[in-house]
There are 2 protein chains.
Amino acid sequence: MAKNHTPESAALELESIFKLLKGRWKLLIIFHLFDGKIQRFSDLERQIPGISQKMLAQQLRELENDGIVSRKVYPEVPPKVDYRMTSWGQELCPALDALLTWNEKSEKQKGE
Amino acid sequence: MAKNHTPESAALELESIFKLLKGRWKLLIIFHLFDGKIQRFSDLERQIPGISQKMLAQQLRELENDGIVSRKVYPEVPPKVDYRMTSWGQELCPALDALLTWNEKSEKQKGE
DNA sequence: CGGTATCCTTTTTGATACTG
DNA sequence: CAGTATCAAAAAGGATACCG
């Protein structure tokens, strides 16, 4: 591992990162917002079959509080709200790619 | 995102990766085995305060079944068993590093 | 349209005791 | 030493109904 991490400190920091992404629907939401995509609450609801309003709202709230997603309210009637990645959130992309790359090595290596 | 992933396929694949690492104690176990470290069951038990035998056994079993950790039994009395990362498991390192790097950017960027 | 509030089920984790 | 088995607690997720 890079840096001056003990097993404990590295694990602790990674736990906190995983906590940001932990939740049945968060990755799906994130991938629907990656690359500058902007979506309204109802867009996400339509694009993510099976999600309830409660869970969508809850997971969006957490992503927002954690600085990964930003929420924009338009003072209109009827109400309009949309969501996009923060620039920090968008930078998750390469890190997630590294995980995908790792996973794809398993085909060649497993059982070795 | 690299590759030809839809939001759904990328999220699905990442979910399966996170599932491998999901568990209250797995990251701690992994970091105690990274870089070629070899540990007996009782070593891990001592080094991970608060873990119960049940949880240690359970999480080790899952890591083993998922090909991340390998288990070696020595035919001795009293029994001796030890654990180490598989080479695929060891390659998690750079991917986890990418996540740590991402996280450390948050100090500069959050609230932007 | 974009949410909350309530209640219930499922999944995960933990405490404790026991065993080859 | 290296585990299992059993039972209980806690956390996460889901169904449904209602609201500004």
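The chains referred to below are lettered A, B, ... by the order of the sequence lines, with proteins before strands, and numbering in each begins at 1.
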For [X], which residues count as a side-chain contact (heavy atoms from CB on, under 4.5 Å) partner, sequence neighbours excluded?
X	value
A:S9	A:H5, A:T6
B:Q47	B:H32, B:Q39, B:D43
B:R24	none

Handout entry: Point-to-point distance, once rounded to the nearest 0.5 Å, from CD1 of B:I51 to CH2 of B:W25
Key = 5.5 Å
Exercise for the section: Nearest 0.5 Å please: distance from the CD atom of B:E8 over to the CD atom of B:E15. Expected result: 12.0 Å
Exercise for the section: Decide yes or no on side-chain contact (heavy atoms from CB on, under 4.5 Å) for B:L14 and A:L21, but give the supporting numbers first. Expected result: CA-CA 11 Å; B:L14 272 161; A:L21 304 174; over 6 Å; no
Problem - Along DNA chain D (nearest heavy atom to each residue), the more 5'-positioned of A:Q53 and A:W25 - result: A:W25
Practice task
List in numerical order all residues of residues 69-85 of chain A for which some heavy atom is under 4.0 Å away from an atom belonging to DNA chain D.
Solution key: A:P79
Problem - DNA chain D contacts made by residues 38-52 of chain A, counting heavy atoms under 4.0 Å - result: none
Practice task
Five pairs at each end of the helix from C:dC1-D:dG20 to C:dG20-D:dC1: take the axis at both ends and give me the angle between them to 10°.
Solution key: 50°
Handout entry: Boundaries of the DNA chain C segment in contact with chain A, non-hydrogen, under 4.0 Å
Key = C:dC1 to C:dT6
Completion exercise
All heavy atoms of B:L56 vs all of B:F41, minimum pair found to be CD2-O, 3.6 Å
Handout entry: Over all atoms of both residues, closest heavy-atom pair of B:I29 and B:L63
Key = CG2-CD1, 3.9 Å
Handout entry: A:D35 backbone acceptor or donor facing A:Q90 side chain under 3.5 Å
Key = yes
Could you work out, with salt bridge (Lys or Arg N to Asp or Glu O under 4.0 Å) as the rule, every residue matching [X], not counting sequence neighbours?
X	answer
A:R61	A:E64
A:R84	A:D82
A:E13	none

Handout entry: Minimum side-chain heavy-atom gap A:W88-A:I68 below 4.5 Å
Key = yes
Problem - Electrostatic pair A:K26:A:E62 at N-O distance under 4.0 angstrom - result: yes
Fill in the blank from the handout: Sorted by chain and number, sequence neighbours left out, side chain to side chain donor-acceptor pair (under 3.5 Å) with A:E91 holds for B:K105, B:Q109
Exercise for the section: Round to the nearest Å and state the distance from B:I29 atom CD1 to D:dA2 atom C1'. Expected result: 14 Å
Practice task
Measure the distance from CD on B:E64 to P on D:dA2 and round it to the nearest whole Å.
Solution key: 14 Å
Got a list of protein N/O to nucleotides 7-9 of chain D N/O distances below 3.5 Å?
none

Handout entry: Under-4.0 Å side-chain N/O to phosphate OP1/OP2 contact, A:R24 with D:dA12
Key = no
Handout entry: B:Q59 vs A:R61, nearer the 5' end of DNA chain C by closest nucleotide
Key = A:R61
